[in-house]
There are 2 protein chains.
Amino acid sequence: MTLSEEDYIKAIYHLGKGENHTVSTNEVAEKMETKPSSVTDMVKKLSEKGLVNYRPYKGVSLTGFGQKMALTLVRKHRLWEVFLVEKLDFSWDEVHEVAEQLEHIKSEKLIDRLDKHLGFPQVDPHGDPIPSKKGEFKKAIKKLLSEVPIGVNGICVGVKDSSAPFLKFLDKNNIALGDTIAVKDKEEFDGSLHIQIKNRDIHISQQIAANLYLKITE
Amino acid sequence: MTLSEEDYIKAIYHLGKGENHTVSTNEVAEKMETKPSSVTDMVKKLSEKGLVNYRPYKGVSLTGFGQKMALTLVRKHRLWEVFLVEKLDFSWDEVHEVAEQLEHIKSEKLIDRLDKHLGFPQVDPHGDPIPSKKGEFKKAIKKLLSEVPIGVNGICVGVKDSSAPFLKFLDKNNIALGDTIAVKDKEEFDGSLHIQIKNRDIHISQQIAANLYLKITE
DNA sequence: ATAAATTTTTAGACAAAACTAAATATTTGT
DNA sequence: ACAAATATTTAGTTTTGTCTAAAAATTTAT
């Protein structure tokens, strides 16, 4: 697999939402910032190699083999992201570009050892699950914190209300994107939540919880 | 800098022994396992980019800029080697190939952070010095353990006598290539040495010491 | 249902990095 | 010093991945 081939496989995988939908030439071109004609060329090549199913004018999807490949790439990408954040103190929003390069390094041993070194993490810094060596993983879903059941934890990935007062509140309470949040308890009375974040237990209103998105793995 | 360009720069650097000797097209071709004509092509390109000095039929050497580039690559390569050995438990002889890939990753921040994460190591697992960010470093030299002065430490990189009895001795005493050895004291009487290796203090004869190569940075 | 708009593919070209074969320099041996 | 041997370069191709422009298929809108 060349670097370029790997990038196409990954793009097709992500466009297919991990569900292996058929995607169009144009979609791939846009994602990869290249021209549709280039995609046609590459997709033919990948088809010959047995990595994708391609029917002219009808779009492209991954074969079983292609999916396996894509999952390996996703695994590598996410493990490197964990490494960058956990070991090298990168922030959650600056890891993507570097991981994009690191994921192409070819060494099975390297990835196995990295996985071990990191303590076999289940999710990356964005809350997305890391496929196992065999390619198995649970899907991640995005939910409002107010919708998350007690006992579940996830990673803060976004806000619904991005007004200054709300962001200020988050800042004041030291809640940031990328933080892991665990739902400890819910008050029946007002729907307020007791959550754990960065080893602190705090109590937030239902209103706050209804404006924070968590990514959780089911 | 493309991947390929980087490989050429590194090859020219290593062939020049870090002293920036002029090297021939054929030498580069052999080192890179490519054809001399390919080298000519690339060397012209590198010359236009100001990375090498090239005179047809006369050979090629690095410019100041090219040297800077080469040292950055060497720095990256050796830092990754340390990472692989120290953090991922690779053995000293299996790191080269992977480091060869990792050295091409482009991110200054990554290397700075890696350096810090590793505790700013001075030498790689083979005892070769790691250039500083500015490209400064001390040269490494290979010496017989028996020739190393008291107080100096180095890395075991080879044996002079590779007979079975000698290797067996090393094995029994848990001395392996890649180990760091510090010379603690010398007996005037028989030239035997008190050395520290893997946090153990041991006493070895002059004969043993005269058959072990250490790499030390002066 | 058909014309217009859009998407996708084909054909032909280009740049990077390599190769082969032939031509040209340089070095070596007598 | 000159012929032979060796080293290096030049010229012309190849492969990979990209591009543009034109052609063909599909979808959409009336």
Side-chain angles (χ1 to χ4, degrees), chain A residues 1-16 20-63 66 69-70 73 100-101 103-106, chain B residues 1-16 20-63 66 69-70 73 100-101 103-106:
Chain A
M1 285 268 277
T2 68
L3 226 136
S4 197
E5 287 172 343
E6 290 190 346
D7 286 337
Y8 274 95
I9 291 297
K10 243 194 18 155
I12 294 166
Y13 175 82
H14 285 305
L15 288 169
N20 202 19
H21 297 135
T22 294
V23 299
S24 77
T25 305
N26 262 20
E27 287 175 280
V28 177
E30 185 164 342
K31 177 132 204 167
M32 310 231 3
E33 301 189 313
T34 183
K35 303 291 166 183
S37 54
S38 306
V39 176
T40 303
D41 288 347
M42 181 55 93
V43 141
K44 277 181 186 168
K45 200 172 90 178
L46 293 174
S47 175
E48 272 165 27
K49 289 197 175 186
L51 289 158
V52 303
N53 304 117
Y54 168 59
R55 291 186 33 232
Y57 296 104
K58 297 302 183 188
V60 63
S61 64
L62 297 175
T63 62
M69 206 99 261
L73 287 165
E100 204 72 3
Q101 296 180 63
E103 74 190 4
H104 293 295
I105 303 293
K106 280 162 186 58
Chain B
M1 286 269 278
T2 67
L3 226 137
S4 196
E5 287 171 344
E6 290 189 346
D7 286 337
Y8 274 96
I9 292 296
K10 243 194 16 156
I12 295 166
Y13 174 82
H14 285 304
L15 288 169
N20 202 19
H21 298 133
T22 294
V23 299
S24 76
T25 304
N26 262 20
E27 287 176 280
V28 177
E30 186 164 341
K31 178 131 204 165
M32 311 231 1
E33 302 190 309
T34 182
K35 303 292 167 183
S37 55
S38 307
V39 176
T40 303
D41 288 347
M42 180 55 93
V43 141
K44 279 181 185 168
K45 200 172 89 177
L46 293 174
S47 176
E48 271 165 28
K49 289 196 176 189
L51 290 159
V52 303
N53 305 116
Y54 168 60
R55 292 185 34 233
Y57 297 102
K58 297 303 182 187
V60 63
S61 64
L62 296 176
T63 62
M69 206 100 260
L73 287 165
E100 204 72 3
Q101 296 180 62
E103 75 190 3
H104 294 295
I105 303 292
K106 281 163 186 58

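Convention: sequence-line order gives letters A, B, ...; per-chain numbering from 1.
Remark: the backbone N or O of B:E30 is not paired with any side-chain donor or acceptor of B:T34 at under 3.5 angstrom. B:T63 places a side-chain N or O within 3.5 Å of a backbone atom of B:G50 that can act as its donor or acceptor partner. B:E5 places a side-chain N or O within 3.5 Å of a backbone atom of B:T2 that can act as its donor or acceptor partner.
Map A:P56 and A:S38 each onto its nearest nucleotide of DNA chain D; the residue landing nearer the 5' end is A:S38. In terms of position on DNA chain D, the residue among B:K58 and A:E5 whose nearest nucleotide sits closer to the 5' end is B:K58.
Atom NZ of B:K44 and atom C1' of D:dA11 are 10 Å apart (whole Å). Between A:R55 atom CZ and D:dA25 atom C1' the separation is 13 Å, expressed in whole Å. Between the C1' atom of D:dC19 and the CE atom of A:M32 lies a distance of 15 Å, rounded to the nearest Å. Between B:Y57 atom OH and D:dT10 atom C1' there is a gap of 8 Å when expressed in whole angstrom units. Protein atom CG of A:D41 is 9 Å distant from nucleotide atom P of C:dT10, rounded to whole Å. Rounded to an integer number of Å, the gap from A:E33 CD to D:dT18 P is 12 Å. Atom-to-atom, OH of B:Y54 to P of C:dA25 comes out at 13 Å; the value is rounded to the nearest Å. Following rounding to the nearest Å, B:K35 (NZ) and D:dA11 (C1') show an atom-to-atom distance of 18 Å.
In this structure, A:Y8 does not reach the D:dT16 phosphate: none of its side-chain N or O atoms is under 4.0 Å from OP1 or OP2. Contact annotation: B:N26 reaches the phosphate of D:dT8 (side-chain N/O to OP1 or OP2, under 4.0 Å). At D:dT8, none of the side-chain N or O atoms of B:S37 fall inside 4.0 Å of OP1 or OP2 (strictly under the cut-off). Between B:T25 and D:dT9, a side-chain N or O to OP1/OP2 separation shorter than 4.0 Å is present.
In summary, B:E100 and B:K10 engage in a salt bridge, as defined by a charged side-chain N under 4.0 Å from a carboxylate O. Comment: B:K106 engages B:E6 in a salt bridge, judged by a side-chain N to carboxylate O separation of less than 4.0 angstrom.
Not a single donor-acceptor pair, N or O on each side, falls under 3.5 Å between the base of C:dT10 and the side chain of A:T40. With hydrogens and angles left out, the side chain of A:S4 and the base of D:dT16 share no donor-acceptor pair within 3.5 Å.
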